[in-house]
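Have a look at the structure below before the remarks.
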Amino acid sequence: MAEKPMISTIILTNGQEGRLGYCIDNILNQDYPNKELIIVSSNSSDTLSNYAENSMIKTYIHPEFSRSEARNFALSQVSGEYIFFINPLDALMNNQVLSNICKDMEDSNSNFLAMLSLRLKDGFFHYLEKEDDVEAITDYNSWFYFFKHHEMRMLGGKLFGRELLDNLNLNVDSDQQFVNYLIHNSTNPVFDKRGRGEYVWLEEEGRRQIEFNRDETPLPDYLKDIKLSTDKRIDDVVNIAICVDDNYCQHITPMIFSIDKNTQEKVNVYLIYYKLNASSFEGIARLNEVLTNVKIKLRKVRDYQYEWLSQFKENTLPTEAYFRLLLPELVPEAKRILYLDVDMLILSDIGKLYKIDLDNNILGVVRDFPFTGNKKSWSYMLLGEDGNRYFNSGMLLMDLELMRENKVVERFTQFILETSKFYLLGDQDAFNTFFFYKVKLLEDKYNYVVENQKILENSNPETVIKHYCGYSDSKPWKIHPGISSYILPSIWLYRKYQRQANKAIFNRPKVLLIVHETEDLGKEVVTAESIDYQNYGNYEVALLPAKENSHVDAIKAYYHQINIIENEEELEQMAADADYLYFMKEASYFKDWNSLSNLVETAMEKNADYVMTSHQRFSVKDDAFYLPNESGEVVDISDRKLEDLIVEKPKLFSRNEGYLFSTEILKESDIGLDMPDMIQSSRIFNGAKRKYLHDKSVWIEIDYEN
């Protein structure tokens, strides 16, 4: 049996460490059969004297050496084919560690291995990682290993082949520089996490993990070799790309409608998708019909492309987030393209942005101010002092020709596969690190995050693109009764575009929502907010003031579309101009942003003049939601008697709210809007001819008593 290659273990010490003897014994007791121990110390000591007769140990005392000189001297004395460093304060978990890591390195066909450490503090082991694998260190991900793992910045726990020293630059001073040199000159370097760390790092008073030195290991320029383009021509039409699935298709209308209304130039909007259902295609077609300057074009991601991108799922990143990577291939006719997230509004002509000179950069981007404005944020952790350059990936002006010529997509894809485990903010971190040196920073008006308005307590009046993202979760299709007053106007603006677009697209009947004010402003604001976030395009709101403690002026200041009813005649006139009525009382509110749309859709599909809905109940006493036992079906109740339905479903049919009914019933029956609730409710029900129960929760009742 061939003899195993010798491992030369090196300890650099001052001779005074209290654990030095334990560390030496730890190496001597390793079951690896062919080994030597080289100790370079700045001082002699009794501990070192105890091992003077051990033939396996070579000890050298050199007080004049700096640490790097001691390291280089020790390396010049080794006899082994493999070299291993251990700190005199540290230890190996058991006697098989050298054997194990030697096998791991050889199994990986590698000549460099770094070990995950196990932290020992106050007598307890602290497991820092859950992985149990040997990971490849590559040109793409090595920087991230130095950034994340303090083990990579120290000599301890490194096993490598002596041949790596052949071209060693002796001017390499720090441990981090030395390890970086080894990695970039080795074959198939690996990071060993088996056993969740067999290298024990002792954390004691005064000992700290080595800080990451960005000057010694700067973020690599992954695209430093790209060929620049001499063609400065730009497309005659503005090309915009939006990546969608069925969920996102619900929210594309306001953004595309705002592009059409505010851009004078011709625009092609490419919707990038993999699979969409029939209703999504129908919605896209309807929207396309009302646009004047914008033309929607569909580009499907092919199966092989989707499978290619799906590799990222192994790293917990969403596949759809990377559809934009396919734009050079999916839109071959475009020289450049403007990628936009779906949660945006375009507030002025976007043509000027599209024509900006990128100065041979691949991307035009805008800083992500909520991060760049805070030096304690993730952007500064990731990029150091360059954290102020961290950009939001929701708007990317992309030079597609430059990407095609330099095969950027293929390179970026491989980069993501090798680095995604290190990200905090997913694809945004990928874009920021890979393209760091090839981006042009643009004015913040081209991607103005609404969160800025809360932070800065003002808005940018020159905003071209308003982006509804940030920690406030300011999606306009969500209910926001307590959001910052600085953000609210932006949310109202988005919803206004939503209603205008839907009114232009759909020929829908007019609905009058009749709201009875409570004496509690906070509760009434929730009701008003739930109305305002409805995407239905043709409705009005009539607010009946409370008899005492009314807050109608405050509500009107928040929600301008609400009409305050002064007298009965005014209400009757509004009702006469509507096709359907809907009552809201006692601070009840709509459950979803499309509740009213779904309710009217049910009425139209069934040609119904009365539709009762199910609802959820929120108990103030229990601070909990109570869900009905609903079927989700639309049930014909035209031949049912009201008294029977009240017995069967008292929580629905014994109240005068939560149902949509045709104003024709008011015209044909003796029904007044000022009648007592039960009389009004029964007459409306009995006056209706085509009655349905939409047995699905549409609204939420606030229960203050039970």
Test of understanding: with side chain to side chain donor-acceptor pair (under 3.5 Å), list the residues that count as partners of [X], not counting sequence neighbours.
X: Thr253; answer: none
X: Lys691; answer: none
X: Asn262; answer: Tyr497

Does either side chain, that of [X] or that of [Y], offer a donor lying less than 3.5 Å from an acceptor on the other one?
X: Tyr580; Y: Asp609; value: no
X: Tyr339; Y: Asp341; value: yes
X: Ser474; Y: Ser472; value: no

Residues 660-669 vs side chain to side chain donor-acceptor pair (under 3.5 Å), sequence neighbours excluded, gives Glu668-Lys689
In short, side chain to side chain donor-acceptor pair (under 3.5 Å) pairs touching residues 562-574 with sequence neighbours left out are Gln573-Asp577
Across all chains, not counting sequence neighbours, the side chain to side chain contact (heavy atoms under 4.5 Å, CB included) partners of Phe281 are Tyr273, Leu276, Leu298
Set of residues satisfying salt bridge (charged side-chain N to carboxylate O under 4.0 Å, His left out) with respect to [X], sequence neighbours excluded:
X: Glu529; value: Arg495
X: Asp636; value: none
X: Lys649; value: none

Salt bridge (charged side-chain N to carboxylate O under 4.0 Å, His left out) pairs touching residues 594-604, sequence neighbours excluded, are Arg508-Glu601
For Tyr533, the ring-ring contact (aromatic ring centres under 6.0 Å, His included) test, sequence neighbours excluded, returns none
The ring-ring contact (aromatic ring centres under 6.0 Å, His included) partners of Tyr539 (sequence neighbours excluded) come to none
Q.
Does any part of the side chain of Asp444, heavy atoms only, come nearer than 4.5 Å to the side chain of Asn460, both counted from C-beta?
A. yes
Subject >> Check: Tyr306 and Glu320 side chains under 4.5 Å, non-hydrogen atoms >> reply: yes
